[in-house]
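What you see is a predicted model, and the numbers here were worked out from it, not measured in a lab. In what follows, residues are counted from 1 in the order of the sequence shown. Hydrogens, waters and symmetry mates are skipped; everything else that's a heavy atom, side chains included, is used.
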Amino acid sequence: QVQVVESGGGLVQAGMSLRLSCSASGRTGIRYGMGWFRQAPGKEREFVAAITWNGVTTYYADSVKGRFTISRDNAQNTMYLQMSTLKPEDTAIYYCAVSQYGSSSDHARRSPGGYDYWGKGTLVTVSK
């Protein structure tokens, strides 16, 4: 089993920055992919960003490209999401996800079904 825990959410004003962290523990394996998703009230869970097991390649949703940066520290089994120039529409619960063997396709990487383990989420609220 793999345990996934997010932290770092909070209330910020539009234009400000926030950094989320995700800690993965347990039997993660070696080449596990990680990603961030978010879900706003009344909306479906949507892809935000993903990173390969070695941190070399990153992927972003168009809505956050240029504002958010995903990274990971494998020595600490931790992933980060640096969010800048936040907008009210970024308000959502942010979830960390682990794909135990990495994603086999871009579709899988960007789909909730492409991940094996999930955290409980951390709330990010961006006020006007």
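- To the nearest 0.5 angstrom, L86 atom CG is 11.0 Å from T125 atom OG1.
- A donor-acceptor pair under 3.5 Å is absent between the side-chain atoms of S111 and the main chain of G114, judged by distance alone.
- In the hydrophobic cluster analysis, where Ile, Leu, Val, Met, Phe, Trp and Tyr join through side-chain heavy atoms closer than 4.5 angstrom, I70 is grouped apart from F37.
- Taking every heavy atom of both residues into account, M34 and V98 meet most closely at CE-CG2, 4.1 Å.
- R109 has a carboxylate O that lies under 4.0 Å from a charged side-chain N of D106, or vice versa, which qualifies the two as a salt bridge.
- Remark: Y32 OH to M79 CE distance equals 9.0 Å, nearest 0.5 Å.
- A salt bridge is defined here as a Lys NZ or Arg NE, NH1 or NH2 lying under 4.0 Å from an Asp or Glu carboxylate O, and K120 with E6 fails to meet this definition.
- In terms of heavy atoms, K128 sits closest to P88 at CG-CG, 3.8 Å.
- Closest approach of D116 to Y101, counting heavy atoms only: OD2-N, 4.5 Å.
- Classified by interplanar angle (parallel below 30°, tilted 30° to 60°, perpendicular above 60°), the ring pair W118/Y95 is perpendicular.
- The backbone N or O of A50 sits nowhere less than 3.5 Å from a side-chain atom of R110 that would complete a donor-acceptor pair.
- In this structure, CZ in F68 is found 14.5 Å from CZ in R19, a value given to the nearest 0.5 Å.
- The two atoms that bring S21 and T78 nearest to each other are CB-CG2, 4.5 Å, heavy atoms only.
- Annotation for Y115 and A108: closest pair CE1-O, 3.9 Å, computed over non-hydrogen atoms.
- In terms of heavy atoms, C96 sits closest to V4 at SG-CG1, 3.6 Å.
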Using side-chain contact (heavy atoms from CB on, under 4.5 Å), reason through Y80 and D73 one step at a time and then give a plain yes or no.
CA-CA 8 Å; Y80 304 96; D73 180 350; 4.3 Å; yes

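- Note that the CH2 atom of W53 and the OG atom of S103 stand 14.5 Å from one another [nearest 0.5 Å].
- For F47 and Y59, the distance between ring centers is not under 6.0 angstrom.
- Screening T122, T91, I93, V64 for a side-chain contact (heavy atoms from CB on, under 4.5 Å) involving R38 leaves a single residue, V64.
- Residue Q13 qualifies as open at atom CD: its count of foreign heavy atoms under 6.0 Å is 12 or below.
- Tracing side-chain contacts under 4.5 Å through hydrophobic residues (I, L, V, M, F, W, Y), one reaches W36 starting from V126; they form part of the same cluster.
- Taken from CZ in R31 to CG in N74, the straight-line distance is 11.0 Å, to the nearest 0.5 Å.
- Cation-pi contact between R67 and Y60: absent, since separation from the ring centre below 6.0 Å together with deviation from the ring axis within 45° is not met.
- A distance of 11.5 Å separates CE in M83 from CE in M16, rounded to the nearest 0.5 Å.
- Not a single donor-acceptor pair under 3.5 Å links the side chain of Q3 to the backbone N or O of S23.
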